[in-house]
Amino acid sequence: MFTRRRFVYGLSALGAGIQLPGMAMTADTAMNTRRIPSSGQTVPVIGMGTADSFNVGDTEQERAPLREVMRRFFAAGASVIDTAPSYGQSETVIGDLLAELGLRDKAFLCTKIGTSGREAGRAQFQESLRRLKTDKVELLQVHNLRDWRTQLALIQELKARGVVRYSGLTHYYEGAHDELADAVQASKPDFLQINYSVIATGAEKRLFPLAQNLGIAVLVNRAFEDGRLFREVGGKALPGWAAEAGITSWAQAFLRFAISPPAVTAVIPATSRPDRQSDNLRAGYGQPLTAEQRRSLQSMFA
């Protein structure tokens, strides 16, 4: 449950930035969480995407910032990491860093199957496990609905074997919302993942109500619209209500917008910069935005 004391303590700890890894996590500093309907398990509302940010080589110069990004992520109590075989070296980098830091047991690890055919899907998943240096993942998703009936059936088999805990379907743009909604209605996975932001609220029409009605968790991608939102507010001051809401940056405002709908379980912003990671994590504290605050943000892009 949210309390003002919890909020103030959380912001204070996160404001310390580099002190995060040494912070003792308590009830007062815990990030807000949401429940996964199919199991009752809770996860922190701020997760992490890795599409471009973790696609690097193996030099110390490339890995060092990401090591700190991950260190701050877990120190803040976050856990949901989303990746995919198509994200270049991201799975490998995640696997290496989790093993190096001894944090695999803290991670709610999500990857995807993005191929056609049952055997191809199985082989791709086995390769993901190898690259991630693990023998199981928490969430396995069908990437952008590719051959979704075949791959979702495979995921259900993998769930029965205990190497996957949750199933999911994903997409990333509003033109695919109806197709995704139809697939979700037909298959009832544990999770769906879709884009949602201040300027792209189409998920409110069918997907969010459907998820709530069917008891499906929701991951939100593209909450920053691939950086477009920051470009459009460049030089502008935050709304007057932001300080009262505990929001000190545009990133926090956009993320708080994305996690405000009750259907949303977590949002997964990506970054390769430790300072931006700390900023993103601050969005996991505080109350959801009110309807008036949400409209205020949207009006800035009208």
Any donor and acceptor pair, going by atom type alone, linking the side chain of Q151 with main-chain N or O of V142 inside 3.5 Å? no
Quick check: closest heavy atoms across Q156 and S167, and the distance to 0.1 Å? NE2-OG, 3.5 Å
How long is the gap from CZ on F208 to OG1 on T201, to the nearest 0.5 Å? 9.0 Å
Within this structure, what is the CD1-CG distance for the pair I268 and N221, rounded to the nearest 0.5 Å? 5.5 Å
In Å, rounded to the nearest 0.5 Å, how long is the span from NE2 of H143 to CG of L169? 12.0 Å
Residues L289 and A253: closest non-hydrogen pair is CD1-O, 4.2 Å
Without swapping roles, check the side chain of T115 against the backbone of A120 for a donor-acceptor pair under 3.5 Å. no
Stepwise, does the side-chain hydrogen bond (donor to acceptor under 3.5 Å, both in side chains) test hold for T83 with E91? CA-CA 6 Å; T83 190; E91 286 185 321; 5.1 Å; no
Let me see the working for E138 and K159 under salt bridge (Lys or Arg N to Asp or Glu O under 4.0 Å), right down to the final yes or no. CA-CA 10 Å; E138 281 64 46; K159 282 180 62 177; over 6 Å; no
For Y285, is there any backbone N or O sitting under 3.5 Å from a side-chain donor or acceptor partner on R256? yes
Test side-chain contact (heavy atoms from CB on, under 4.5 Å) on L255 and I259; report intermediate values, then the result. CA-CA 6 Å; L255 292 173; I259 60 178; 5.8 Å; no
Rounded to the nearest 0.5 Å, how far does OG1 of T170 lie from CG of N144? 4.5 Å
Hydrophobic cluster membership, F191 vs V218, 4.5 Å side-chain cutoff: no
Any chance you could lay out the side-chain contact (heavy atoms from CB on, under 4.5 Å) test for T111 and Y87, step after step, and finish with the verdict? CA-CA 10 Å; T111 193; Y87 296 171; over 6 Å; no
Straight-line distance of L180 CG to H171 NE2, nearest 0.5 Å: 7.5 Å
Assess whether side-chain contact (heavy atoms from CB on, under 4.5 Å) is satisfied between L192 and L207, documenting all intermediate values. CA-CA 9 Å; L192 70 87; L207 286 167; 4.2 Å; yes
Does L219 share a hydrophobic cluster with L214, counting links as ILVMFWY side-chain heavy atoms below 4.5 Å and allowing steps through other members? no
Hydrophobic cluster membership, F54 vs L139, 4.5 Å side-chain cutoff: no
Report the hydrophobic cluster partners of Y173, with the cluster defined as I, L, V, M, F, W, Y residues connected by side-chain heavy atoms closer than 4.5 angstrom, directly or transitively. Y172
Would you say the side-chain atoms of R122 pair up with the backbone N or O of F125, donor to acceptor, closer than 3.5 Å? no
So which heavy atom on M31 is nearest to which on G284, and how close? CG-O, 3.4 Å
Could you check whether any side-chain N or O of Q141 sits under 3.5 Å from a backbone N or O of K112, counting only pairs where one atom can act as donor and the other as acceptor? no
Going by salt bridge (charged side-chain N to carboxylate O under 4.0 Å, His left out), name the residues that satisfy it together with R146, two or more places apart in sequence or in a different chain. none
Can you find a heavy atom in the side chain of R149 that is under 4.5 Å from one in the side chain of S187? no
Can you list the steps and then say if E174 with N195 is a side-chain hydrogen bond (donor to acceptor under 3.5 Å, both in side chains)? CA-CA 7 Å; E174 293 202 328; N195 65 300; 4.6 Å; no
Inter- and intrachain pairs under salt bridge (charged side-chain N to carboxylate O under 4.0 Å, His left out), touching residues 50-60, at least two apart: E60-R67
Roughly how far, to the nearest 0.5 Å, is the NZ atom of K136 from the OG1 atom of T134? 7.5 Å
Quick one: does T50's side chain have a donor or acceptor within less than 3.5 Å of a partner on D82's backbone? yes
Looking at every heavy atom in both R222 and S197, which two are closest together, and how far apart are they? O-CB, 3.8 Å
If the plane angle is over 60° it's perpendicular, under 30° parallel, otherwise tilted; pick one for F254 and F224. perpendicular
If you measure from the Lys or Arg side-chain nitrogens to the Asp or Glu carboxylate oxygens, is any gap between E179 and R206 under 4.0 Å? no
Nearest heavy-atom contact between G117 and D147 is N-OD2, 2.8 Å
Between V80 and C110, which heavy-atom pair has the shortest distance, and what is it? CG1-SG, 3.9 Å
Using the side-chain contact (heavy atoms from CB on, under 4.5 Å) criterion, which residues pair with K205? Sequence neighbours excluded. none
So, Q124 side chain and G114 main chain: donor-acceptor pair closer than 3.5 Å or not? yes
Set of side-chain contact (heavy atoms from CB on, under 4.5 Å) partners for S299, sequence neighbours left out: none
Return yes if some donor-acceptor pair links the side-chain N/O of K106 with the main-chain N/O of F74 below 3.5 Å, else return no. no
Kindly work out whether a path of hydrophobic side-chain contacts (I/L/V/M/F/W/Y, heavy atoms less than 4.5 Å apart) joins I216 to L210. yes
Applying side chain to side chain donor-acceptor pair (under 3.5 Å), can you list everything that pairs with T271, at least two apart in sequence or on another chain? none
With a 3.5 Å cut-off and no angle check, do the side chains of S296 and W241 form a donor-acceptor pair? yes
Residues in side-chain contact (heavy atoms from CB on, under 4.5 Å) contact with D96, at least two apart in sequence or another chain: R63, T92, K133
Compile the donor-acceptor pairs under 3.5 Å between side chains in residues 229-238 and protein atoms, sequence neighbours left out, one pair per line.
from: E232; atom 1: OE2; to: R228; atom 2: NE; distance (Å): 2.6
from: E232; atom 1: OE2; to: R228; atom 2: NH2; distance (Å): 3.2

Show your reasoning for whether side-chain contact (heavy atoms from CB on, under 4.5 Å) applies to F108 and I81. CA-CA 6 Å; F108 187 99; I81 300 176; over 6 Å; no
Would you say the side-chain atoms of N55 pair up with the backbone N or O of S90, donor to acceptor, closer than 3.5 Å? no
Would a single hydrophobic cluster contain both F73 and L109, if residues Ile, Leu, Val, Met, Phe, Trp and Tyr are joined by side-chain heavy-atom contacts under 4.5 Å? yes
Could you list the donor-acceptor pairs under 3.5 angstrom formed between side-chain atoms of residues 35-49 and any protein atom two or more places apart in sequence or on another chain?
from: S38; atom 1: OG; to: D190; atom 2: OD1; distance (Å): 3.1
from: S39; atom 1: OG; to: Q41; atom 2: N; distance (Å): 3.1
from: S39; atom 1: OG; to: Y166; atom 2: OH; distance (Å): 2.6
from: Q41; atom 1: OE1; to: R165; atom 2: NH1; distance (Å): 2.8
from: Q41; atom 1: OE1; to: Y166; atom 2: OH; distance (Å): 2.6

For R34, all residues meeting side chain to side chain donor-acceptor pair (under 3.5 Å), sequence neighbours excluded: none
Among residues two or more places apart or on two chains, list those pairs meeting salt bridge (charged side-chain N to carboxylate O under 4.0 Å, His left out) that have a residue in residues 289-302. E204-R294
Which pairs with one or both residues in residues 268-278 pass salt bridge (charged side-chain N to carboxylate O under 4.0 Å, His left out), sequence neighbours excluded? R273-D275
